[in-house]
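Right, one structure below, let's go through it.
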There are 2 protein chains.
Amino acid sequence: MPESHDADRATQDVQDLLFRQAQDLLFFAYRDFTHAADTLLEELGLGRAHHRALHFIGRNPGITVTDLLGILRITKQSLARVLGDLLERGLVAQEPGLTDRRQRLLTLTDAGTALEHQLFDRQKARLGPAFTASGAAALSGFQTVMRAIMDSADAARLETNGTDDGR
Amino acid sequence: MPESHDADRATQDVQDLLFRQAQDLLFFAYRDFTHAADTLLEELGLGRAHHRALHFIGRNPGITVTDLLGILRITKQSLARVLGDLLERGLVAQEPGLTDRRQRLLTLTDAGTALEHQLFDRQKARLGPAFTASGAAALSGFQTVMRAIMDSADAARLETNGTDDGR
DNA sequence: GTTAATGGGTCAGTATTATTGACTCATTGA
DNA sequence: TCAATGAGTCAATAATACTGACCCATTAAC
């Protein structure tokens, strides 16, 4: 390991260690956060992709397929299977757009809402104690940094968006 | 009289919104964080699984296969393909354990280290500005919360572990 | 009002990452 | 000696994702 002859070098190493630890944190936190819902999903024969779709349809009732694709950053084909499953099981409903009838506005059915709540509870059980233990100031910092890491366009949309209804 | 009841309900809703926003943040931040390295990986015909292996071998030089499996939380078969690719390309090297010759201690070769650095730089380019913009206090909160979200056993290992050498 | 663009769906084929279960081999340790 | 462990491997399968090429209905532009 480099000695402290070179202060710049040492600063660089400290910085890099910070980033490497952040890489670790992002991997582990995401791994365990997603895992919280996995057992329930598996019982139902659903996967994480289904959960993501349920979550973002629940968060954005009346979202269009195109907008959902933009959030998930997957292709139409990838979503087709997942969405097909959810429609078939009656967890998600479609209706034509009001102003543009080509659109299929997506919403959760009652059953979909109920399932999403169950999945939500699992993840809440992991996040809740973590937030409580960390305190309000740390939580605020967490939110600030996470917002800064993600794409600014999506971050900007999150600001305004409690729920945004169909367009 | 239903006032306190309503208040509880309102508090519940506020709390839930906080958790739902956290779900959003984890998804988006992880999506964009991982994406930072993707183009480089694709040029090389490697995937994210290869990157994860490179990262954790780099972070834990001399790690055993079993320990790496424990970190990644995947099965031996899943790792076999990835590790096989990395060995074949000369990015990772194995050597028998000193005290237990059944072990295969994993290390990055010079080429592996170089590639990991390149991938690291991509992610640093995303995290760096985010950290700078957020400030030291927010960054500290981010670390606190992320540590609290992840499994406590792994979090505890991160505390002690700058790099931990083979056992 | 014909035409081009858009929103959505679908077909076929493929790649990556992951799984289970069984089995081998070398080495360690009781 | 013999069971347990660390690692590698076989075969089969599932989940998630991709590309590229289409089709249909509807909207928007000329």
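As the structure is a prediction and not an experimental result, all values here were calculated from the model. A, B, ... follow the sequence lines: proteins, then strands. Residue 1 opens every chain. Excluded from the calculations below are hydrogen atoms, water molecules and symmetry mates; all remaining heavy atoms, backbone and side chain alike, are included.
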Under 3.5 Å side-chain donor-acceptor pair for B:Q21 and A:Q143: no

Residue A:A49, side-chain heavy atoms: nucleotide from D:dA7, D:dA17, C:dG9 that is nearest: D:dA17

Tell me, with the steps shown, if B:Y30 and A:F27 meet ring pair (Phe, Tyr, Trp, His ring centres under 6.0 Å). CA-CA 8 Å; B:Y30 194 75; A:F27 172 77; 7.4 Å; no

Distance-only, no hydrogens or angles: does the A:N60 side chain make a donor-acceptor pair with backbone N or O of A:F56 under 3.5 Å? yes

For the pair made of CD1 in A:I63 and C1' in C:dG8, what is the distance, rounded to whole Å? 14 Å

NZ or CZ of B:R20 within 45° of A:F120 ring axis and under 6.0 Å: yes

Looking only at the side chains, is there a donor atom on one of B:D151 and A:H35 sitting less than 3.5 Å from an acceptor on the other? no

Using a strict cut-off of less than 4.0 Å between a Lys/Arg side-chain nitrogen and an Asp/Glu carboxylate oxygen, indicate whether A:R126 and A:D121 qualify as a salt bridge. no

Establish, with yes or no, whether the OP1 or OP2 oxygen of D:dG8 is under 4.0 angstrom from a side-chain nitrogen or oxygen of B:Q94. yes

Nucleic acid contacts of residues 69-85 of chain B, taken as heavy-atom distances under 4.0 Å to DNA chain C: B:R73, B:I74, B:T75, B:Q77, B:S78, B:R81

Just by distance, no angles: are the side chains of B:R122 and B:T39 close enough, under 3.5 Å, to form a donor-acceptor pair? yes

Within residues 86-93 of chain A, residues whose heavy atoms come under 4.0 Å of DNA chain D: none

Does C:dA18 have OP1 or OP2 sitting under 4.0 Å from an N or O in the side chain of B:R52? yes

Could you go through A:F33 and A:F28, starting from their C-alpha distance and side-chain angles, then the distance that decides it, and tell me whether this counts as ring pair (Phe, Tyr, Trp, His ring centres under 6.0 Å)? CA-CA 8 Å; A:F33 162 72; A:F28 285 117; over 10 Å; no

Less than 4.0 angstrom between a side-chain N/O of A:T66 and OP1 or OP2 of C:dG8, yes or no? yes

B:D67 CG - D:dG6 P separation (whole Å): 9 Å

How does protein reach along nucleotides 25-30 of chain C, written 5' to 3' as B (base within reach of a heavy atom under 4.0 Å), S (only sugar-phosphate), or - (no contact)? -BBS--

